[in-house]
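Structure record follows, encoded as structure tokens.
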Amino acid sequence: MISFEQIFNAAPEVEASAPGRVNLLGEHTDYNEGFVLPTAIPQQTRVSIGYSPNDRHHFYSANLEEGVDVAPSKLVPEGFARYLNGCIRVLEEAGHSIPPLNVLVTSSVPIGAGLSSSAAIEVAMLRGLRLLLNLNLSPVQIAQLGQQAEVRYAGVNCGILDQMAASLADTDRMVFLDTRTLDRQILPFPTGTKILVIDSGVARSLASSAYNQRRAECEAAARALGVKALRDISDPQATETLPFPLRKRARHVITENNRVLKVLEGVSACAFGELMNASHASLRDDYEVSIPALDELAGILQNTLGVFGARLTGAGFGGACVALAIASEVRSIAKKALARYTNAGYNGKILVG
Ligand code: ADP
Ligand code: MG
């Protein structure tokens with residue numbers, strides 16, 4: 001890939017990176033102030049930053065082979081530069097003064113596959129700015145600023161899950177996160193297990209409109225039940241008074257939160273896998289964000305020897321499935337499952353494993 005020197009004719013001042021993430025349990029719970037359980041994936045996004053020789057920011061993505069120049073006072077209307085410029089803007093709003101910059105992004109995180117390349121770019125950029133400007137920012141503050149950048153400057157109404165995962169998680173452990181309090185615990189994987197991720201090959205076309213609709217349904221359900229957020233309810237029976245489809249939406253969120261909390265008690269690989277399978281069924285039947293390709297892929301994974309459990313991961317309507325499998329056989333398991341998925345007529349791809 002192209003280097004910083006090739007684009008900007010100078011060496012960068014600083015470099016920083018952040019990983020993509022996959023969520024193991026706790027899907028569509030973060031905007032309900034609930035619980036999530038992500039881990040980092042090996043793929044990273046790297047940001048190299050230098051000072052601009054003129055009065056404009058210059059942003060370049062090696063992945064997109066695209067450069068964008070922006071005057072510091074201007075907003076970026078579309079495209080990848082919104083994420084980078086957004087990080088600069090939220091820091092400026094927090095009172096920091098940022099000079100015009102040259103920024104190169106290079107990433108191995110698949111873009112738009114549900115592995116959160118957007119949070120990786122934000123967290124890498126903010127880490128780079130922290131280093132360049134010697135800012136005093138904690139990992140949690142970095143995550144919060146990244147989320148603000150995405151919400152306010154990229155126009156994506158996301159929760160805090162992705163940025164907290166990119167900022168706090170590593171590939172060997174899971175992060176239990178309470179998205180209301182931001183309390184967190186680092187947990188080991190069940191002994192002898194590893195994750196694998198397979199892309200369904202189906203792009204998440206309906207994802208953003210359906211996401212906004214599900215959010216609105218959850219808010220309506222919380223209002224009808226008299227609570228601030230669905231996180232405040234732990235008994236799924238409480239949903240019985242709600243009309244459809246709110247009843248099903250709320251039931252997913254409540255049971256999903258309970259599944260994440262169950263992991264905190266310490267569970268075996270088999271029990272963890274069963275929670276993942278139940279999560280997929282709940283996303284399919286109650287939250288209705290699955291599609292035939294994801295059901296097929298999750299089903300194949302669940303029925304492959306050596307897999308403890310599998311589910312769709314990310315918002316749904318396409319994207320990837322994650323599975324927990326025997327560590328020593330992850331690669332061969334992923335290949336076997338992919339071959340069966342291909343035989344079923346789909347065009348999948350191993351992303352992790
Ligand atoms: P996801 O976060 O699941 O990968 P999103 O739609 O939230 O998908 O974010 C993808 C967007 O993030 C891209 O369309 C692009 O604007 C930006 N992005 C992420 N990584 C890069 C990169 N390496 N180069 C340029 N833009 C990127
Ligand atoms: Mg994203």
Side-chain angles (χ1 to χ4, degrees), residues 1-4 7 15-23 27-28 30-31 36 38 40-41 43-49 57-70 75-88 102-128 143 146-167 169 197 199-212 215 289 294 312-322 349 351-352:
M1 266 192 205
I2 196 160
S3 71
F4 191 91
I7 302 164
E15 293 190 310
S17 53
R21 65 95 189 96
V22 62
N23 197 22
E27 212 65 77
H28 289 281
D30 65 340
Y31 52 83
V36 294
I41 59 170
Q43 291 95 328
Q44 303 238 344
T45 295
R46 170 168 284 269
V47 168
S48 312
I49 309 177
H57 297 305
H58 302 273
F59 302 117
Y60 193 90
S61 164
N63 300 88
L64 305 181
E65 295 182 1
E66 185 185 328
V68 176
D69 296 349
V70 184
L75 284 179
V76 182
E78 56 180 21
F80 79 97
R82 288 175 303 171
Y83 295 85
L84 300 169
N85 202 48
C87 291
I88 293 175
N102 288 338
V103 182
L104 168 67
V105 182
T106 314
S107 181
S108 57
V109 181
I111 297 176
L115 298 179
S116 204
S117 67
S118 60
I121 201 174
E122 292 148 14
V123 170
M125 178 68 175
L126 287 161
R127 284 177 173 167
Q147 183 202 15
Q148 280 178 40
E150 182 152 345
V151 171
R152 307 226 318 268
Y153 293 100
V156 181
N157 197 8
C158 59
I160 188 85
L161 158 65
D162 294 349
Q163 292 80 10
M164 285 292 276
S167 187
V197 180
D199 185 41
S200 69
V202 179
R204 300 171 300 161
S205 54
L206 280 170
S208 72
S209 60
Y211 178 89
N212 291 334
R215 262 188 100 126
V289 294
L294 290 169
L312 75 86
T313 186
F317 294 102
C321 284
V322 61
K349 189 177 170 197
L351 297 177
V352 176

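Numbering of ligands and ligand atoms starts at 1, following listing order. These numbers come from the heavy atoms of this one structure, side chains and all, not from hydrogens, waters or symmetry mates. Quick caveat: nothing in here was measured; it's all calculated off a predicted structure.
At distances below 3.5 Å, not a single donor-acceptor pair connects side-chain atoms of R46 with backbone N or O atoms of V105.
Closest to atom 7 (O) of ligand 1 by heavy atom, among A62, S118, C158, is S118. Across V47, L115, D162, I111, heavy-atom proximity to atom 21 (C) of ligand 1 is greatest for I111.
What you find for V123 and Q163 is that their closest heavy atoms are CG2-O, 3.8 Å. The two residues S117 and G112 have their closest heavy-atom pair at OG-N, 3.8 Å. The shortest heavy-atom contact between Y83 and V156 is OH-CG2, 4.2 Å. Smallest separation of non-hydrogen atoms from S48 and E15: OG-OE2, 2.8 Å. Scanning both residues, L104 and I7, for their nearest heavy atoms gives CD1-CD1, 3.5 Å.
Between T45 and ligand 1, not a single N/O pair is under 3.5 Å apart. Every N/O-N/O distance between T106 and ligand 1 stays at or above 3.5 Å. The shortest N/O to N/O separation between G112 and ligand 1 falls below 3.5 Å. Any N or O atom pair closer than 3.5 Å counts here, and G114 shares at least one such pair with ligand 1.
No side-chain donor-acceptor contact under 3.5 Å links S107 and Q43. No hydrogens or angles considered: nothing links the side chains of S61 and E66 as a donor-acceptor pair under 3.5 Å.
The aromatic ring centroids of F59 and H57 lie less than 6.0 Å from each other. Taking the six-membered ring where the residue is Trp, the centroids of Y211 and Y31 are separated by under 6.0 Å.
Here the protein heavy atom with the shortest distance to atom 17 (C) of ligand 1 is Y83 CE1, 3.7 Å. R204 NH2, 4.1 Å is the protein heavy atom nearest to atom 6 (O) of ligand 1. The protein heavy-atom contact nearest to atom 19 (C) of ligand 1 is S117 OG, 3.2 Å. Closest to atom 23 (N) of ligand 1, if we only count protein heavy atoms, is N63 OD1, 3.0 Å. Protein heavy atom nearest atom 26 (N) of ligand 1, with residue, atom name and distance: F80 CB, 3.0 Å.
Taking 4.0 Å as the cut-off, I121 counts as a neighbour of ligand 1 on heavy-atom distance.
Atom numbering of ligand 1 starts at 1 in the shown order; those under 4.0 Å from a heavy atom of L64 are 25 (C), 26 (N). Interface atoms of ligand 1 facing S61, defined by a heavy-atom separation under 4.0 Å, are 22 (C), 24 (N), 25 (C). The ligand atoms of ligand 1 that sit less than 4.0 angstrom from a heavy atom of S107 are 23 (N).
Contact annotation: S116 places no N, O or S atom under 2.8 Å from the Mg ion (ligand 2).
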